[in-house]
S.K.: 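Input: one structure, supplied below.
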Amino acid sequence: MSACVPARADSARTKHVHPPHSPPPGGSRRFRVAGADVSAAVAVFLIALPLSLGIALATGAPLQAGLVAAAVGGIVAGRIGGCPLQVSGPAAGLTVVTADLIQRYGWRTTCAITVLAGLAQLGLGCLRVARSALAVSPAIVHGMLAGIGVTIAVAQLHIVLGGTPQSSVPDNLVALPAQLANLHPADLAVSVLTLTLLLLWPRIPGRAGQVLGRLPAALIAVAGATAVAALTGLILPKVDLPSWSSHALAALPDGPVLGLVAAVLTTTLVCSVQSLLGAVAVDKLVAARPAQAGHVKRSDLDRELLGQGAANIVSGSLGGLPVAGVAVRSSANVAAGAVSRNSTMLHGVLVVIAALLLVPALELIPLASLAALVMAVGLKMVSLNHIRTVTRHREVLVYAVTTGGVVFLGVLEGVALGIAVAVGVALHRLTRTRITHHEAGGVHHVHVRGQLTFLAVPRLSRLLHQVPQGADAVVELDGSFMDHAAYETLQDWQKTHTAQGGSVDISGRRPGTRISEPAETEGCRCRPWTPWRNHQCDRPPAAPPPGTDRQATTGGPRGRSRSGPVGKGPGTASGTAAAETAVHKTTGGTTAPATGPSTPGAPGAPGTPGTPDGPARSARPAGGELARGISAFHRNTAPLMRRELARLAREGQQPSQLFLTCADSRVVTSMITSSGPGDLFVVRNVGNFVPLPGQESGDDSVAAAIEYAVDVLKVRSLTVCGHSGCGAMQALLGAGHAGPGDRGTPLQRWLRHGLPSLDRVHADADAGSDAADHTGSRPRPRPRLAGRGIADAAEQLCLANVVQQLEHLRAHASVARALRSGDLELHGMYFDVGEAQSYLLAQDAEGGVFELVPGIDLTA
């Protein structure tokens, strides 16, 4: 029944308690905080408390300033910001900037700079430029954080050793030998104990480790070092929290105007970029959580910028440190199961309570313990994973220059150097074009790698004119851009060379960069196996044969091309996917089973009302398309795949999965599973049916494929994949199968294998139906999709069919043996063609729940 149709005839007379689309009457609802938010707030508070004191110590600010910033970041930024689960507060990435400002202008002027930076963030948020901040190269951001981390670690090392840090990294390095010669054993012992607890606490093995691991390592490290120092009576500097009555607030900025402007811009840049990148990272963490954790809206980056600006205004006005999103606390908040912004706000309230009531306990903390904690945080900012990522993307130079600039010159100078180097690298890549010429088998090959711009025209022209007159030439363009100057040069040479009796074949072009087309493809800009995007061709209609109705032979726009996804080159999995799709299109793979006139309701059947006959066919013979496609494979894809296919030919096939899916030409197995040659053993039939043993009706092909894959190839998993818009399911719903005792056509007889799936849909236990399937089993709940409703009856039947075919698989002897021995896994899958999304069947859900497979960042 449609969701739009009233369930009862008298439902139209139902009285509304309140007007539709308006809130219900009554008083305001009571404010409630979810239990998950409370536990997450406590976890974040236990991490934030020692880190806020440590960062304040590292900057040289009053220690209360760290607590003020943590409280304001939690309450103000948590309430106004656009990322509900991001926790803001004093960040390690701001330590160097703040320490430099305090040394130059003093504490009260630094607070005023924080207020001005907050106002600047509000202005940027109102201008809605938050997305522009993400245009900064990640190599620059990672390099900036690494440089700040090195600066923090070197400075805090002096406090760990019992001394006082200098104003810059070079000065700290120069003073380090003298500091090592004058160690303070008490400070060093407390620092070593703090680092040891910080390192070992998350690694406690066994069940005890699982229980104790819920307490944050930072809190345990500081608390343990504090307890040991108090019990042993060590004399060493400790936290000193002056009375709040003497707390210093912001004052009017005092200093050179240009210097203050640069300070405000630096603070604004670092706070904004760190907060926005943190919001994007939190979105990824939330998306990776199970669906049961609750739905959290994606971040509004412009609103997040407004929230950070408001928090900096309040923090600076109250004498607090600059505020930004903090990765450590935000990750802990997400991992603890927070479901709303209430967790970040409650953590800020807990910081306020601690600052007012726990002063005696906080003043027992040794400064060396906080310094060791902050030093460890600084070292973690130099991430090996980030270094590997920028190296893989050939941006290590940008990373290294930014890091060195931050360490030796300052944050603003280092970021400026990084941006300059990043621009230089981008220009170098844009202008760097490799053009080579060689002869093989009497054919001259000119290979162009890179962007073909006017800067490369002289080299291109020189190498093109090295091709002898009348010779066969192949120009391979391996790039995504060709400007007008290069286009004219290539076109003019091609016309001249062809006029002199030679031949020119231009390959590797993108759609829309046509130089010239053969006569057989006149009017079509597409080549075989080119990317699917924008691959819509309008071919001129061919003259119909004499005596033929013109309307029956005149086609509309052609359908999608047969190729891999955008961004994949030949020789990848997409190339295989393209070839597979093309084979099914030319051999008659069906989107919907073509049934005869006696099969009503089957989409694709000629004469079915409301159902198009599909894309119009080209007037050219299909064999011509097949031959052109094979030729393009030999020229473009085969050279890249030959070594891998030769290895597979030597070693034989060793697939890990048996993939049983529909013969529908839109389901490209290697594309939707990102697999390549040799990975999947694929079985395709109309409706992805698995006949029960003994009911094959003379067709043992599916059973034979299952037995061969399980017993001979030893596959480890077996997947049944259905898809949206399946013609077999629509034919079943339209009674397009042969009845009992009716021979019917071969297709109608085959569709009878789907009757158990149809019975499963009718056996709806949730609706209280007494219907049961053909085996007489009890009613079962219908399979469903997690996160959205079922589109129509055909989709419901498709999901039930996947579940039913998995039951049929278990009835096969070879599958049953492999399941008992634990050598095989069964999986159900549903592919939504229109949305390009895949769902996997959850193994432990009653009735079958197909869950959306989340995207994973493969570069992380």
S.K.: Would you name the heavy atoms of G834 and S724 that are closest together and state the gap between them?
M.R.: N-OG, 4.2 Å
S.K.: Determine the minimum heavy-atom distance between H812 and P691, stating which atoms define it.
M.R.: NE2-O, 3.1 Å
S.K.: Are M829 and H827 side-chain neighbours, meaning at least one heavy-atom pair lies under 4.5 Å?
M.R.: no
S.K.: Taking S656's backbone N and O only, do any of them form a donor-acceptor pair with D679's side chain (distance below 3.5 Å, no angle check)?
M.R.: no
S.K.: Can you tell me how far apart SG (C726) and OH (Y830) are? Round to the nearest 0.5 Å.
M.R.: 9.5 Å
S.K.: Closest approach of G687 and N801, non-hydrogen atoms and distance?
M.R.: O-ND2, 3.1 Å
S.K.: Would you give the length of the straight line joining atom CZ of R749 to atom CZ of R752, rounded to the nearest 0.5 angstrom?
M.R.: 7.0 Å
S.K.: Under 3.5 Å, side chain of E651 to main-chain N/O of A646, donor-acceptor pair present?
M.R.: no
S.K.: Using side-chain heavy atoms (C-beta onward) and a distance below 4.5 Å, is P84 in contact with S340?
M.R.: no
S.K.: Could you check whether atom CZ of R788 has more than 12 heavy atoms from other residues, nucleotides or ligands sitting under 6.0 Å from it?
M.R.: yes
S.K.: Rounded to the nearest 0.5 Å, what separates atom CG in L751 from atom CG in L747?
M.R.: 4.5 Å
S.K.: Parallel, tilted or perpendicular for Y708 and F681, by the 30°/60° rule?
M.R.: tilted
S.K.: Answer yes or no: is there a donor N or O on one side and an acceptor on the other, between the side chain of T661 and the main chain of C721, under 3.5 Å?
M.R.: yes
S.K.: The test is side-chain contact (heavy atoms from CB on, under 4.5 Å); show your working for K714 and D823 and say whether it passes.
M.R.: CA-CA 8 Å; K714 305 294 183 182; D823 297 330; over 6 Å; no
S.K.: Are any non-hydrogen side-chain atoms of D711 and R817 less than 4.5 angstrom apart?
M.R.: yes
S.K.: If every non-hydrogen atom of S299 is compared with every non-hydrogen atom of D283, which pair is closest and at what distance?
M.R.: OG-OD1, 2.9 Å
S.K.: If I compare all heavy atoms of H753 with all of H808, which pair ends up nearest, and what's the gap?
M.R.: O-CE1, 4.4 Å
S.K.: Begin with the C-alpha distance, continue with both residues' side-chain angles, and end with the deciding distance and a verdict on side-chain contact (heavy atoms from CB on, under 4.5 Å) for L680 and Q657.
M.R.: CA-CA 5 Å; L680 300 181; Q657 304 177 56; 3.8 Å; yes
S.K.: Rounded to the nearest 0.5 Å, what's the gap from CG on L819 to CG on L826? Could you check?
M.R.: 4.5 Å
S.K.: Can you list the steps and then say if L660 with Q805 is a side-chain contact (heavy atoms from CB on, under 4.5 Å)?
M.R.: CA-CA 10 Å; L660 197 151; Q805 303 314 314; over 6 Å; no
S.K.: Keeping R760 on the side-chain end and L797 on the backbone end, is there a donor-acceptor pair under 3.5 Å?
M.R.: no
S.K.: Would you mind checking if E644 and R647 are paired as a salt bridge, meaning a charged N to carboxylate O distance below 4.0 Å?
M.R.: yes
S.K.: State, yes or no, whether a side-chain contact exists between F850 and V803 at a heavy-atom distance under 4.5 Å.
M.R.: yes
S.K.: Search all heavy atoms of V715 against all heavy atoms of L824 and return the closest pair with its distance.
M.R.: O-CD1, 3.6 Å
S.K.: With a 4.5 Å limit on heavy-atom distance, are the side chains of L645 and L648 in contact?
M.R.: yes
S.K.: Taking atom OG1 of T719 and atom CG of L840, what is their separation to the nearest 0.5 Å?
M.R.: 8.0 Å
S.K.: Look up atom CG in N685 and atom CH2 in W750, then write down how far apart they are to the nearest 0.5 Å.
M.R.: 4.0 Å
S.K.: Where do L806 and L841 land on the side-chain contact (heavy atoms from CB on, under 4.5 Å) test, with the steps shown first?
M.R.: CA-CA 11 Å; L806 290 175; L841 178 63; 3.6 Å; yes
